[in-house]
Amino acid sequence: MKHFNWEIHPPLGLKSQTMERLNKLLESIPFPKKKKSIQLKPQGNAIFLEGANPQEITYIWFNGFFLRDLFLLKEGRRKESIFGEKAYIRGVKSSFPTSAPLAEDIANHLIYQALGLVGIGKPDFLLLPFAGTGTFATELYLIQKGFGFADLPRNHNLMESDWFSEATLQFLQSKKQLGNTSDLTPSLWIDTDPALSTYWKKEYENWKKFGGEKELPWTFVKSSFLSDDWEQFLPKSLNNCFIPMNPPYGNRKEKREDNLYKNIGYRLENIVKKYNSVHFFGFLLCGSEKDWSEAMNALPSFSKKTIHITHSSDTRVLFFSSEAMPERS
């Protein structure tokens, strides 16, 4: 079988995280391994993959929800993208005119990292303040169900390539194990925008149809995270709660409240005191150093870690946990 060279484009600002996940993915390739090594080499904003055959690259594509793009190289030049349109386009989500959502590949990375930092595979509950179009909930759904990229209702350039192997795809599909609806993490979507109510109903039906579900464990509430009226929807019994947050900033900052990030921190501190037996963890996207600093100072009782990503501008992501984050091996 021929081996080719490839150029992988990670989401901007997430190259090292992408390298780490690619290495794990390559170690789990379910095909017989020959006496050769696939080389990953970072260069600029890209990652070069040397010596992978079409069978192996199909496996990466099938699991490539965290990638931005992947190109076949011939004579050192990009020949074709195996994704076609950018990989963060899932083909299920409807557009919402006033939303500036986080790209799905970035959301996938942040969810993966947040769960890894606290050593939790499946959260008991997903609390989604500033829910917007629900990207964090829909990405967690894709992760927990175990879909392959081929299942997405979108264009797939790989299937049109002259080296594409239908037998490889059928093998991967046969090994796929889809999770049950009952195993999904329930989620509570919270936002103050009244126009989202209609959008959420449509989105609920879109994802139900895509996944072949009778119901989804998603609850929608028009409210502010800074109030307490949504707390009635929290489960009575709860061990942990995942809270990913993308508040208004950048192009949406005209909608934001004064001292928003400081108040988010105070609200989290109050929630932890009120529900002191629950492990609350998640992350907060901060569009400026001022926002990040306000949130950091307002969360004295939380363990914290910060990374930088590129989302329209340089953005800090503040990971937080009401319990100590275990050391990663």
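Predicted, not measured: the structure shown is a model, and the values here were computed from it.
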Polar side-chain atom of E203 near backbone of S94 as donor-acceptor pair, under 3.5 Å: yes

Between W292 and Y261, is the gap from one ring center to the other below 6.0 Å? no

F280 and I243, any side-chain heavy atoms less than 4.5 Å apart: yes

Find out if a path of hydrophobic residues (ILVMFWY) with successive side-chain heavy-atom gaps under 4.5 Å connects I143 to L22. yes

L67 versus I60: any side-chain heavy-atom pair under 4.5 Å? yes

Does the ring centre of F283 sit less than 6.0 Å away from the ring centre of F320? no

Please report the interatomic distance CG(N53) to CZ(F4), rounded to the nearest 0.5 Å. 9.0 Å

Could you list the cluster mates of I89? Members are the ILVMFWY residues connected by side-chain heavy atoms closer than 4.5 Å, either directly or through other members. Y88

Can you confirm whether or not the ring centre of W207 sits under 6.0 Å from the ring centre of F210? yes

Rounded distance (nearest 0.5 Å) linking atom CG of L318 with atom CD of E294: 12.5 Å

Set of residues satisfying ring-ring contact (aromatic ring centres under 6.0 Å, His included) with respect to F62, sequence neighbours excluded: none

Heavy-atom side-chain contact between S321 and L117 under 4.5 Å: no

If we ignore hydrogens and angles and just use 3.5 Å, is the side chain of K304 paired with the main-chain N or O of L299 as donor and acceptor? yes

Side chains of Y141 and T185: is there a donor and an acceptor less than 3.5 Å apart? no

Does CD in E289 sit with more than 12 non-hydrogen atoms of other residues, nucleotides or ligands closer than 6.0 Å? no

Side-chain heavy atoms of F147 within contact of R90, under 4.5 Å: no

Let me know which of I271, L234, L238, D124 forms a side chain to side chain contact (heavy atoms under 4.5 Å, CB included) with V278. L238

Take F83 and H156, measure what ring-ring contact (aromatic ring centres under 6.0 Å, His included) needs, and give me the verdict at the end. CA-CA 6 Å; F83 285 112; H156 297 292; 8.6 Å; no

Below 4.5 Å, heavy atoms only, C-beta onward: do S165 and T58 meet side chain to side chain? no

How far apart are the C-alpha atoms of Q170 and E166, what are their side-chain angles, what is the distance that settles it, and do they pass the side chain to side chain contact (heavy atoms under 4.5 Å, CB included) test? CA-CA 6 Å; Q170 289 176 356; E166 181 69 31; 3.6 Å; yes

Mutual orientation of the aromatic rings belonging to F220 and W218 [parallel < 30°, tilted 30-60°, perpendicular > 60°]: perpendicular

Taking the ring of F171 and the ring of F31, is the distance between their centroids below 6.0 Å? yes

Any side-chain heavy-atom pair from D151 and K176 closer than 4.5 angstrom? yes

Nearest atoms (heavy-atom pairs only) where T133 meets K93: O-NZ, 2.7 Å

May I ask you to test the W61-N157 pair for a side-chain heavy-atom distance under 4.5 Å? no

Is there a side-chain contact between T219 and S187 (heavy atoms, below 4.5 Å)? no

Begin with the C-alpha distance, continue with both residues' side-chain angles, and end with the deciding distance and a verdict on salt bridge (Lys or Arg N to Asp or Glu O under 4.0 Å) for K273 and E269. CA-CA 6 Å; K273 290 176 183 176; E269 288 284 344; 5.3 Å; no

Have R68 and N45 got a donor and an acceptor in their side chains that come within less than 3.5 Å? no

Scan side-chain atoms only and decide if N180 and S182 contain a donor-acceptor pair under the 3.5 Å cut-off. no

Assess, by modelled atom type and distance only, whether the side chains of S161 and E80 contain a donor and an acceptor separated by less than 3.5 Å. yes

Main-chain N/O of A107 paired with Y112 side-chain donor or acceptor, under 3.5 Å: no

Under the salt bridge (Lys or Arg N to Asp or Glu O under 4.0 Å) criterion, do D69 and K86 qualify, and how do the steps go? CA-CA 6 Å; D69 217 332; K86 297 301 182 186; 3.5 Å; yes

Name the one of I38, L49, L40, I47 that satisfies side chain to side chain contact (heavy atoms under 4.5 Å, CB included) with W6? L49

F71 with L26, same ILVMFWY side-chain cluster at under 4.5 Å: no

Determine whether R267 and E231 satisfy the following criterion, salt bridge (Lys or Arg N to Asp or Glu O under 4.0 Å), listing intermediate values before the conclusion. CA-CA 12 Å; R267 183 74 175 107; E231 292 182 27; 2.7 Å; yes

